[in-house]
Novice: 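Before we start, here is the structure in question, set down as structure tokens.
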Amino acid sequence: MPEHVTVERSKNRDHGDYATNVALQLAKRAGKPPREVAAVLAARLTAVDGVASVDVAGPGFLNVTLDAASAGALARTIVEGGAAYGRGDSLQGLKINLEFVSANPTGPIHIGGVRWAAVGDSLGRILRAAGADVSTEYYINDAGVQIDKFGASLMASANGRPVPEDGYVGEYINDIAAEIVAAEPDVLTKPEDEQKKVFTAVGLRLMVAEIQRSMEEFGAHFDVWFSEKSLHASGAVEKAIERLRAQGHVYDDGGAIWLRTTDFGDDKDRVLIKSDGETTYFASDAAYYLDKRDRGNEVCVYMLGADHHGYVGRLKAIVACAGDDPEHNIEVLIGQFVKMLRGGEEVRMSKRAGNIITIDDVVEWIGVDAARYSLARSSTDSTLTLDIDLLTSAARENPVYYVQYAHARTCSIMKNAAAAGVDKGSADQFKPELLSHELESILLGVLGEFPQVVAKSAEWREPHHVARYLEQLAGAYHRFNDSNDNRVLPIGDAETTDLNRARLWLVEATRTTIANGLELLGVSAPERL
RNA sequence: GCGCUCGUAGCUCAACGGAUAGAGCAUUUGACUACGGAUCAAAAGGUUGCAGGUUCGAAUCCUGCCGAGCGCACCA
């Protein structure tokens, strides 16, 4: 038998409900033509309970069609499963640390960071739905020269001086500086070095609080906000270097202390402690990784921007130098940039010019739901281009509303049903075989795919499959809903039939599945738009 | 120069090595005195950057080329 046998929903209605290529895979080893192998399997499959027919098609595909009753029974399964429908146990028992965004606390989160917030938070939800024990984490780079520059920039602003070379500019610098002065009016009378300490420390605290507020408003939740500085304060960096030394990968050269990362595929060895005695950012990275592992995380997932892809080699080398498995204990996901268009032209963001587009801007323009959805519905492998004019002027065209509207329509029907005193009845009164209309079969087929979509999204660490699935599901529902053949509720004073009740089960199953899917994306499922 | 990633409809993006490569936007034409028209039906739109190779089968895997983005510090 082949290692994997794929059974998938048939894309084409003529190909039954499910299709498998197993006969094509087996043909060579069986020494028989694929169609002949398929015929043998078809005979066996036809006898399976719930299977209406099995056809051999094309080069040797097996197309399986279920009988209406077993297909329709899914509606009951979903309704009874409720919020649990779609959840699985494929990652049961796996403790995963998921680090994302981790933007420098020297300014607001810009558009690039928003992509990771949307994708990372959704990924966390999806991994949990697959049974994993997930801890989400934001690494605060609160040590290093960029923090000094940040403090110096704030001090310069407060004193009405131009920002220093390589400093930070922008409205937010002036705002934070003013806030610090307002809170501590006597700060400007202190000597420069005292001032700088205050501006740096308080500025950092305010900036981190600002980022935390933005993330919370965006619905992105982090279980841990991890301070880089704390690694130095606790002595974790020194201890990490000792541990790596004990593994035999640390050496001295030119007055500096190095990690021999080239042993594990890195381009060059990396400095842990510079010849002036200062530890490097890389040393913090090593200590941070070991700390994550010490906290019981089996897999550490890093979501990095494309500008950091050069880190993959050295991060994996850290893992290997620590004696861990770089193919299992660490996963580095590289995401491409987001490009913004305005007036048909690319918006060139520069921190220097202070024209950055922030997470708060995006939320103000289109709202959290549309922002999260727009960012999470495509793969992070490709650069994403967002047209600001289109997003704001044609906000209603956003596919998120297509999905949310489908959900609202199911709610509307259920509300109308309740008002008319129509009830779907108990589970044993439900007659699934009545859901035999083509549009009902298609809808049931899509509904049945949800658990697999969630499991695959989790396995591949790709949330966008959930969004695409929801669009497909919403489409199937809209078509069902708009077809006059599939009226759910009785018209006027007509008596409620078993078919009305069966369709209510289907509508509720749809509502449940859309709501569960949107939850995985951190997008709301409103009852009306 | 070396390395990583990406080239799919006019635009933005999908497609676990499978059957006729799909959606939305934009364009054209239709559908509400019945569960919300933020919807639906239909038309048009493609040599999947180019050329080879592997395979019963390639947008997908391999090689080369072209193009784009990013990265190649005792910075963080």
Side-chain angles (χ1 to χ4, degrees), chain A residues 4 6 8 10-12 14-15 19-21 24-25 27-28 33-34 57-61 63 104 106 141 143-149 228 253-258 267-268 270-276 278 280-282 284-285 305-313 334-337 339 341 344 374 377-387 390 394-402 404-406 408-417 420 422 452 456 459-460 464-465 467-468 471-472 474-475 477-484 486-492 500 503 507 528-529:
Chain A
H4 299 286
T6 57
E8 60 182 9
S10 307
K11 284 177 192 145
N12 188 328
D14 300 334
H15 297 155
T20 176
N21 62 353
L24 288 160
Q25 292 181 299
K28 191 168 273 181
F61 289 105
N63 293 330
N104 270 336
T106 53
N141 297 121
V145 298
Q146 85 281 4
I147 297 299
D148 290 334
K149 287 177 186 167
E228 179 189 358
D253 185 50
I257 295 176
W258 299 71
D267 303 331
K268 59 187 294 298
R270 304 290 167 180
V271 172
L272 290 165
I273 301 181
K274 295 185 274 181
S275 50
D276 65 4
E278 293 286 314
T280 61
Y281 183 79
F282 178 69
S284 301
D285 275 344
D307 53 337
H308 288 72
H309 74 250
Y311 291 21
V312 177
I334 298 298
Q336 301 298 315
F337 289 143
K339 203 160 81 175
L341 293 182
S374 301
R377 75 186 284 268
S378 55
S379 159
T380 55
D381 286 344
S382 302
T383 52
L384 179 63
T385 304
L386 295 181
D387 189 325
L390 212 61
R396 290 159 64 100
E397 304 301 335
N398 194 304
V400 74
Y401 299 115
Y402 186 75
Q404 289 183 320
Y405 182 49
R409 283 179 125 180
T410 62
C411 292
S412 188
I413 286 185
M414 287 163 63
K415 202 168 56 190
N416 293 345
V422 177
Q452 203 176 27
K456 291 287 187 188
E459 183 189 340
W460 298 331
H464 73 274
H465 297 288
R468 298 293 171 157
E471 289 168 35
Q472 198 191 335
Y477 180 74
H478 282 310
R479 285 185 281 277
F480 159 80
N481 192 94
D482 278 355
S483 147
N484 282 330
N486 293 287
R487 170 85 196 183
V488 175
L489 301 178
I491 299 172
N500 293 135
R503 284 180 175 155
V507 167
R528 69 177 71 86
L529 295 192

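Within every chain, numbering begins at 1; the chains are lettered A, B, ... in the order of the sequence lines, protein sequences first and strands thereafter.
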Novice: Are any of the side-chain heavy atoms of N486(A) and R503(A) separated by less than 4.5 Å?
Specialist: yes
Novice: Both D276(A) and R528(A) contact RNA chain B. Taking the nearest nucleotide for each, which residue is further toward the 5' end?
Specialist: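 Looking at RNA chain B, the more 5' nearest nucleotide goes with R528(A).
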Novice: Can you check the distance between rC74(B) and rG17(B), where both ends of the measurement are the P atom (answer in whole Å)?
Specialist: 40 Å
Novice: Quick one: label A256(A) by what it contacts on the DNA or RNA (base, sugar-phosphate, nothing), any heavy atom closer than 4.0 Å.
Specialist: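 Answer is base: heavy atoms of A256(A) come under 4.0 Å of a base.
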Novice: Contact class for S379(A) vs. all strands (heavy atom < 4.0 Å): base, sugar-phosphate, or nothing?
Specialist: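 Touches sugar-phosphate only.
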Novice: Reckon S275(A) touches a base, only the sugar-phosphate, or nothing at all at heavy-atom distances under 4.0 Å?
Specialist: base
Novice: Suppose we call a contact any N or O donor and acceptor under 3.5 Å apart; does that hold for the side chain of H308(A) and the base of rG71(B)?
Specialist: no
Novice: Using whole Å, report how far CG of D381(A) lies from C1' of rU8(B).
Specialist: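 So the CG-C1' distance, D381(A) to rU8(B), works out to 15 Å.
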Novice: Return the nearest nucleotide to the side chain of R487(A); candidates are rC35(B), rC70(B), rC74(B).
Specialist: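 Comparing rC35(B), rC70(B), rC74(B) against the side chain of R487(A), the answer is rC35(B).
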Novice: Expressed in whole Å, how much space separates the C1' atoms belonging to rU60(B) and rU27(B)?
Specialist: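 Each nucleotide's C1' atom is 31 Å from the other's.
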Novice: Could you tell me how far rG37(B) sits from rG46(B) if I compare only their P atoms? Round to whole Å.
Specialist: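 Roughly 34 Å separates the two P atoms.
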Novice: Who passes salt bridge (Lys or Arg N to Asp or Glu O under 4.0 Å) against E471(A), sequence neighbours left out?
Specialist: R377(A)
Novice: For rA14(B) and rG3(B), measure between their P atoms and round to the nearest Å.
Specialist: 27 Å
Novice: With sugar-phosphate meaning primed atoms plus P, OP1 and OP2, does R270(A) contact a base, only sugar-phosphate, or nothing at under 4.0 Å between heavy atoms?
Specialist: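 No contact.
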Novice: Side chain of D482(A), heavy atoms from C-beta onward: which of rC74(B), rA14(B), rC40(B) has the nearest atom to it?
Specialist: rC40(B)
Novice: NZ/K339(A) to OG1/T385(A) distance, rounded to the nearest 0.5 angstrom?
Specialist: 4.5 Å
Novice: Using the P atom on both, measure rG10(B) against rC6(B) and round to a whole Å.
Specialist: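 Here rG10(B) and rC6(B) have their P atoms 23 Å from each other.
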Novice: Output the single nucleotide from rG69(B), rG18(B), rA19(B) whose closest atom is nearest the side chain of N63(A).
Specialist: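 Between rG69(B), rG18(B), rA19(B), the one nearest the side chain of N63(A) would be rA19(B).
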Novice: Taking the minimum atom-to-atom distance to the side chain of T385(A), which one of rU12(B), rC74(B), rG3(B) wins?
Specialist: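 Closest nucleotide among those given: rU12(B).
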Novice: Classify K268(A) by what it touches in the nucleic acid, base, sugar-phosphate, or nothing, heavy-atom distance under 4.0 Å.
Specialist: sugar-phosphate
Novice: Under the side-chain hydrogen bond (donor to acceptor under 3.5 Å, both in side chains) rule, collect the residues that match up with D267(A), sequence neighbours excluded.
Specialist: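 D267(A): no side-chain hydrogen bond (donor to acceptor under 3.5 Å, both in side chains) contacts found.
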Novice: With a 4.0 Å cut-off on heavy atoms, is N481(A) in touch with a base, just the backbone sugar-phosphate, or nothing at all?
Specialist: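 Base: the residue N481(A), judged by heavy atoms under 4.0 Å, touches a nucleobase.
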Novice: Mind checking the P distance from rU20(B) to rU33(B)? Whole angstroms is fine.
Specialist: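 About 42 Å, rounded to a whole number of Å.
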Novice: Could you check whether L384(A) gets within reach of a base, just the sugar-phosphate, or nothing at all, counting any heavy atom under 4.0 Å?
Specialist: sugar-phosphate
Novice: At 4.0 Å (heavy atoms only), tell me whether L24(A) reaches a base, stays on the sugar-phosphate, or touches nothing.
Specialist: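 Contact class for L24(A): base.
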Novice: Hey, are the side chains of V488(A) and F480(A) touching, using non-hydrogen atoms and a 4.5 Å cut-off?
Specialist: yes
Novice: Mind checking if G254(A) touches a base, just sugar-phosphate, or nothing, with heavy atoms under 4.0 Å?
Specialist: base
Novice: Should stems be defined as at least three consecutive Watson-Crick or G-U pairs with both distances under 3.5 angstrom, which of them involve RNA chain B?
Specialist: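 Stem segments, range with range: B:1-7 with B:66-72, B:10-13 with B:22-25, B:27-31 with B:39-43, B:49-53 with B:61-65.
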Novice: Would you mind classifying the nucleic acid contact of A19(A) as base, sugar-phosphate or nothing, using non-hydrogen atoms under 4.0 angstrom?
Specialist: base
Novice: Mind checking S382(A) for me? I need base, sugar-phosphate or nothing, with any heavy atom below 4.0 Å counting as a touch.
Specialist: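 S382(A): backbone/sugar contact only, no base atoms under 4.0 Å.
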Novice: Please classify the nucleic acid contact of S378(A) as base, sugar-phosphate, or nothing, using heavy-atom distances under 4.0 Å.
Specialist: sugar-phosphate
Novice: Applying side-chain hydrogen bond (donor to acceptor under 3.5 Å, both in side chains), run through Q146(A) and T106(A) and close with a yes or a no.
Specialist: CA-CA 7 Å; Q146(A) 85 281 4; T106(A) 53; over 6 Å; no
Novice: Within this structure, what is the NZ-to-P distance between K11(A) and rG22(B), rounded to whole angstrom?
Specialist: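 Rounded to whole Å, this separation is 8 Å.
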Novice: Is there a side-chain contact between T410(A) and Y477(A) (heavy atoms, below 4.5 Å)?
Specialist: yes
Novice: Does the rG71(B) base have a donor-acceptor partner in the side chain of D307(A) within less than 3.5 Å?
Specialist: no
Novice: Could you please name the option among rG69(B), rC35(B), rC25(B) that lies closest to any side-chain atom of V488(A)?
Specialist: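 Selected nucleotide (nearest to the side chain): rC35(B).
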Novice: Rounding to an integer number of angstrom, what distance separates rG69(B) and rC40(B) when you compare their C1' atoms?
Specialist: 40 Å
Novice: Go through rA34(B), rC74(B), rC35(B) for me and flag the one nearest to the V271(A) side chain.
Specialist: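 Given the options rA34(B), rC74(B), rC35(B), the side chain of V271(A) is closest to rC74(B).
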Novice: Report the residue from T280(A), D253(A), I257(A) that forms a side-chain contact (heavy atoms from CB on, under 4.5 Å) with V271(A).
Specialist: T280(A)
Novice: Measure the NE2-CG distance between H464(A) and D381(A) for me, rounded to the nearest 0.5 Å.
Specialist: 8.0 Å
Novice: Salt bridge (charged side-chain N to carboxylate O under 4.0 Å, His left out) between R270(A) and D285(A): does it pass, once the steps are laid out?
Specialist: CA-CA 12 Å; R270(A) 304 290 167 180; D285(A) 275 344; over 6 Å; no
Novice: Which whole-number value in Å describes the distance from H15(A) NE2 to rA19(B) P?
Specialist: 9 Å
Novice: Between R377(A) and rU12(B), does any side-chain N or O lie under 4.0 Å from OP1 or OP2?
Specialist: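 For rU12(B), OP1/OP2 do not have a side-chain N/O of R377(A) under 4.0 Å.
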Novice: Tell me the interatomic distance from D387(A), atom CG, to rG10(B), atom P, rounded to whole angstroms.
Specialist: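 After rounding, the gap between these two atoms is 18 Å.
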Novice: Can you work out whether D14(A) or G475(A) has the more 5'-proximal nearest nucleotide on RNA chain B?
Specialist: D14(A)
Novice: Rounded to the nearest angstrom, tell me the gap between atom OH in Y401(A) and atom P in rA38(B).
Specialist: 14 Å
Novice: What is the distance from CG of N486(A) to C1' of rC40(B), rounded to the nearest Å?
Specialist: 13 Å
Novice: Please determine whether the number of non-hydrogen atoms from other residues, nucleotides or ligands lying under 6.0 Å from atom CD of Q452(A) exceeds 12.
Specialist: no
Novice: To the nearest angstrom, how far is Y402(A) atom OH from rA23(B) atom P?
Specialist: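 In whole Å, rA23(B) P and Y402(A) OH are 10 Å from each other.
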Novice: Which nucleotide sits closest to the side chain of E471(A): rA15(B), rC35(B), rA23(B)?
Specialist: rA23(B)
Novice: For A420(A), which contact category applies under a 4.0 Å heavy-atom criterion: base, sugar-phosphate, or nothing?
Specialist: nothing
Novice: Give the nucleotide from the list rU5(B), rA19(B), rC70(B) with an atom nearest to the side chain of F337(A).
Specialist: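 Taking heavy atoms from C-beta onward, the closest nucleotide is rC70(B).
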Novice: In this structure, how many angstroms lie between the P atom of rU55(B) and the CG atom of N21(A), rounded?
Specialist: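 About 18 Å, once rounded to whole Å.
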Novice: Please report the distance separating the C1' of rU39(B) from the corresponding atom of rG24(B), rounded so that it comes out in whole Å.
Specialist: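 To the nearest whole Å, 14 Å.
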